[in-house]
Every structure is written in structure tokens, then in C-alpha cells.
Amino acid sequence: MGGTDTPTGKLGAMVKDANGQLIDLARATTNITGTTVTATQFKGYVQNIKLLADNKVSFELTQPVKEIDASGITVAGVTATGASFENKTIKDGSGNMVYGSVVTVTLPDGSLGTDIGTGADAGKLYKVGTGYQTNTLVLAQDSIKTVAGVSVPAGGVTVANSDVAAKDYAAPQIKKIYTYEKAGSTNGMIDRVVVEYSEAVKAADINKNAYTVEGYTVEDAYVVTANPTTTASPTLATTGKFVVLEVAESGRLDTDKKPVVKQVVDIRDTEDNVKAAESTASVATTDTAAPVLLSATTAQTNASKTLLSGSKAFTITLGDDLAGAYGNSAKVQIVADATNTNKVEATWDATNKVLRIEVKDAGTGTATLNDVKAAVEAVQVGGDAGDFVVNVGSNGASTIAEADAGSAVSFSGGNDVVTLTFSEALKESTIDTANFTNDFDITPATAEAGTAVLSTDKKTITLTVTTADAQVKGASIAAKTNAVEDANSTAADTTPVTIN
């Protein structure tokens, strides 16, 4: 066509139905024979059920509709929130052209999946959260009335999957986007993003250029059947609901970040329904990357014990391998010289955690404080000197005799202040301030106890260890499973770090 020509056409013989719509007499027929029908007869009018979206279904009636009541229609057990119809010429089950109606039913958002069952569940519409429903479509009495006066009869009409199987016309949708550090990478930097779809998508459509992740470079993309979270090497699949994006680390602590993710190419489900490329992100990313314990450092106050009194007083302070809160479980004891070795001896009983000082001579022996000092400071617990430091009283010539022997007494006053640094802010309510052992394990210590304080920026926890059964410095500390969380309720990584 060109110029000013105006196209013309000719309609066939047309009349208006009782609803005011045109009917093509040359093509349209009707198979209504009366205004009263049985449930079985009405069910026979229903055909071509289509799943259009996770909240929308359509079906055809081989009769034109006059009135429809959405409140009387349920799909997969979900009551409709809206319903509309369009009377038009359609094909019946025998391929004949009839004047009927296409009914579109709207449900609450997300009521259905975007896929239908397979195998024994073929054609069954999926209700999110409860599984496949036996009954695809249920029509209550009078929920649909036709132009000819036919309506859904008393008792309603149930259209089961065995009557009319639904077909999938719904495009896959992005349901959720997750962030992670994959296994073996616990430096507080995201290196994996997972995109979850409402149904399986084709791996053939997926590559590293199919997505953009704001602030990150996508290095690889592949499909898997289950969310791999932090798994090191997931099993690839030809179709699956999860697309894994391996991204280059940003070089900054970012386990709390929610980068914008866009699907920038068309993606198909297994029925070739297309989720179109996005110009703007359709789903906000969820922070599921675990907060990571990056470091643990300690400052120690060493326990001590002052023995005897007056001019005989001298103080033993724990150091090196026995420093800190370990001192609260250590003891010191003056004992008689049972072996009559005629010398001062100091030994460490590792089983009972007791420093024993033997006086020089059985019965009448005495030892100077300086002799005791030398013997005590020579004791090695961790393989080198420095585990005990002695401060002699003002009169260094004073002596200790066997008569001073007594029960073992505890060192006191020692503690460890351990500072834990995390990759992101923590949820204050998950920190047990009265007893940090509910949140953290120290290995090899088994009887540690103390308090915890969360910093103002919530990224640092200060533990004051007041008791412990082993040296804390050099031990390992880790968050307990599901104990400490970030602001998004993601549990902290449980990889242990060394307390330095």
C-alpha cells in the first residue's frame, strides 16, 4: 500500500449475542441445548487450561460467558482475587470452530509456581508451599453464567488433572539472589552469587556474559539443581533452578554487601518460555554471605600468688605458657622433702596443675627465698623458661622451712582480654555478654569462661576470659554453629582462627 489509499475489508454475516458481542454466523456454532446442565456436562465445556504466571491462569469455555464471580473460583486450592472473560471464536476439542470464551483468573501474587508437574503429576498446577494439588480448577455454584443462561450447577464443578491437564505458558522468574564466600575462602570477601529461579532454566542460555553484578566481575556462570551455598565445587546440570555466578573478589571486606544483579540476556525454562533480559534488576539481592572472624588477639594480665607473710613473703607470677586466665586454675604448694635430696626443688604437676616446691632437708631443713626463686624460675612448662617469675620479699636472706608446708593454694588475678574482629557488623541480640562460651569455642581449653562486649560499630567483640584450663594465647577460637549472626540473621562462619 502507498499514497492515500485506504484499506477496506468485508465482514461476514454477523449478529450480536445477548452480551452485545458480534458472532460470525459463517463460522461460529454453539452446542448448548438447554439452560440446565449437570456438573459433568459443564465440566465438558472447560478446556485448554494455561498457567500464565505465578498468579494467573486462563481456561476456555466452549460457551460464551455473561457473568463471572471470582470469589467462587479456586485454582490449586487458592481462591481467585479477580476474573475476566473475553467471548470469541475458539476451537473445541474436536477442532470445530465454536463461539466460546477465554476466562482469565487472577490469584494473589506468588500463589503458584511458574512450572507444572511432570510424570505422575503432569499437568497439575503448583501451589507454593504445599505441593501439587490434585484438583486443578474448582468452580462454585453460579460462579460462571453463560449467555444462554447455563450456570455452574449446585454442588459446583471440579475439573481434575485427569479431566483437563494444564499447560505451562509461564516464564521463569527470579525468586531470590544470594551472596556467599565459597568453601576454602574465608577472608571476608564475596566470591559467589547465586540466582534462584522459580523453575528450572536451560544451561544452554547461561554464560558469564548473561549477568551483570554491580561492582564485581563475573568470571564464570553455570546451572545447578540445588543451591550450593559455600560448596567448593558444585555439580553442574543441563537444567536447574539455580544459576551460580563466580565473581572476582572486590579487594575489600564486603560480606554485608548486596550488589545489584541483572539478567541481561533472555533465559528459557524447559518449555521454552522466556524470561526476558532485564534493563533494571527485578529482584533485590539478599545478604547471605556469612560474617567471618578475621582475627583474634589477646592482651594478658598474669595471675600471681604471694606466699607466707612478713619477711618471708615472696610472689610467684605466672608467665609465658601459663599466662592469663589459665592462672585461675593453677595452684602452688610448699611440700616437705620426702626424698631427702638435700636440695631445693620445684616441679610442675601438669595433671593437677600444681607448682610444688620441695624444701631442702627432711625434718629440719630450710631454704633461702633466693634458692626457691632460682628453683621456681627454672621450671619449664612449655619447653622454655619464663613460666614462673618470682619477686622476693624485702629480706632476701629469709628462709622457708618444712614447717611452712601446707595445702595447695590458687594463683589469682589473671585474665585474658581477647579482641575478635569480624568482616561486618553483628546483630547485638545474638551476643551473650554474660558468658561468651555460648557463642564461641576455644580449643584446646574446655573450661573457659568470661564476658563479652560488642563494639559501637558492632564489628569487634572483646572477650574477657576470667577462667580457663589451658593457655588461651596460641589456642584456636571459632564461632559456634548458628550462634552469632549478622544484621540479616546470617550465622557467622565457623572457621577457627589462632589467638595471637
Side-chain angles (χ1 to χ4, degrees), residues 49-59 68-84 102-118 121-140 143 159-161 164-179 193-202 205 211 223-227 229 239-244 258 260-263 266-288 488-490:
I49 299 174
K50 295 181 180 181
L51 173 63
L52 303 178
D54 65 6
N55 70 335
K56 191 171 292 186
V57 174
S58 72
F59 59 91
I68 191 165
D69 178 7
S71 66
I73 301 176
T74 61
V75 180
V78 181
T79 302
T81 55
S84 61
V102 176
V103 177
T104 301
V105 178
T106 304
L107 308 167
D109 288 346
S111 295
L112 307 175
T114 59
D115 198 9
I116 56 177
T118 58
D121 290 321
K124 293 181 183 178
L125 293 174
Y126 183 76
K127 179 180 178 182
V128 174
T130 61
Y132 290 107
Q133 303 296 303
T134 300
N135 300 324
T136 299
L137 176 66
V138 179
L139 308 174
S143 57
V159 183
N161 177 62
V164 181
K167 298 178 181 179
D168 178 12
Y169 287 79
Q173 299 299 318
I174 297 175
K175 290 181 61 179
K176 196 169 183 179
I177 300 172
Y178 310 82
T179 57
V193 176
V194 177
V195 181
E196 180 184 0
Y197 284 89
S198 57
E199 59 180 302
V201 296
K202 290 186 174 182
D205 294 337
Y211 299 86
V223 170
V224 294
T225 57
N227 190 345
T229 64
T239 64
K241 292 173 62 175
F242 297 89
V243 174
V244 181
K258 304 174 185 178
V260 174
V261 178
K262 289 188 289 187
Q263 172 199 308
D266 292 350
I267 301 293
R268 297 170 296 163
D269 66 12
T270 55
E271 298 294 323
D272 284 331
N273 299 309
V274 175
K275 165 74 169 71
E278 299 176 333
S279 57
T280 58
S282 58
V283 174
T285 300
T286 301
D287 169 18
T288 45
N488 296 286
S489 300
T490 301

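In this structure, K241 fails the cation-pi test against Y197, since its NZ or CZ atom is not both closer than 6.0 Å to the six-membered ring centre and inside 45 degrees of the ring normal.
Using a 4.5 Å heavy-atom cutoff, the side chains of D115 and D269 are not in contact. Side-chain contact between T136 and V164: absent, with no pair of heavy atoms (C-beta onward) separated by less than 4.5 Å. For the pair T134 and N161, the minimum side-chain heavy-atom distance is 4.5 Å or more. Proximity of L112 to V128: side-chain heavy atoms (C-beta onward) are nowhere separated by under 4.5 Å. Within the 4.5 Å cutoff, side-chain heavy atoms of L125 are placed close to those of V57. Taking the side chain as every heavy atom from C-beta outward, N488 and K258 approach each other to under 4.5 Å. For the pair V105/F59, a side-chain contact is recorded, criterion being any heavy-atom separation below 4.5 Å from C-beta on.
In this structure a side-chain-to-backbone donor-acceptor pair under 3.5 Å is missing from Q263 to E278. A donor-acceptor pair under 3.5 Å is formed between the side chain of T81 and the backbone N or O of T106. In this structure, D266 contributes its side chain and V274 its backbone to no donor-acceptor pair below 3.5 Å. Of the possible polar contacts, one joining the N227 side chain to the T229 backbone as a donor-acceptor pair under 3.5 Å is found. The backbone N or O of D168 lies less than 3.5 Å from a partner atom in the side chain of N273, making a donor-acceptor pair. A donor-acceptor pair is defined here as one N or O able to donate and one able to accept, closer than 3.5 Å; such a pair exists between the side chain of S198 and the backbone of Q173.
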Original post:
Between T239 and V223, is a side chain to side chain contact (heavy atoms under 4.5 Å, CB included) present by the stated rule, with each step listed?
Top reply: CA-CA 6 Å; T239 64; V223 170; 5.5 Å; no
**OP:** For side chain to side chain contact (heavy atoms under 4.5 Å, CB included), just list the numbers for L137 and I73, CA-CA rounded to whole Å, side-chain angles, deciding distance to a tenth of an Å, and then say yes or no.
**Re:** CA-CA 7 Å; L137 176 66; I73 301 176; 4.0 Å; yes
Subject >> Steps toward side chain to side chain contact (heavy atoms under 4.5 Å, CB included) verdict (I267, Y211) >> reply: CA-CA 11 Å; I267 301 293; Y211 299 86; 4.2 Å; yes
**OP:** Determine, stepwise, if the pair V243 / V201 fulfils side chain to side chain contact (heavy atoms under 4.5 Å, CB included).
**Re:** CA-CA 9 Å; V243 174; V201 296; 4.1 Å; yes
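Residues satisfying the side-chain contact (heavy atoms from CB on, under 4.5 Å) criterion with T288, sequence neighbours excluded, are Y178, T179, Y180, T286.
Side chains of S71 and D69: a donor on one and an acceptor on the other come within 3.5 Å.
Here the CD-NZ distance, from E271 to K202, works out to 8.5 Å after rounding to the nearest 0.5 Å. Rounding to the nearest 0.5 Å gives a distance of 4.0 Å between CG of L52 and OG of S58. Remark: K176 NZ to F242 CZ distance equals 10.0 Å, nearest 0.5 Å. Note that CD of E199 is 6.0 Å distant from OG1 of T270, once rounded to the nearest 0.5 Å. The structure places OG1 of T114 at 10.5 Å from OH of Y126, a figure rounded to the nearest 0.5 Å. For the atom pair CG (L107) and CG (D54), the distance works out to 9.0 Å, reported to the nearest 0.5 Å.
Taking all atoms of both residues into account, the shortest heavy-atom contact from A171 to K275 is CB-N, 4.1 Å. The heavy-atom pair separating A70 from A80 by the smallest distance is O-CB, 3.5 Å. The two residues N55 and G110 make their nearest non-hydrogen contact at CB-N, 4.1 Å.
Look at D205 and R268 and you find a salt bridge, because one of the NZ, NE, NH1 or NH2 atoms lies within 4.0 Å of a carboxylate O, short of that distance.
Pairs passing the salt bridge (charged side-chain N to carboxylate O under 4.0 Å, His left out) check and including a residue from residues 124-134, sequence neighbours excluded, read D121-K124.
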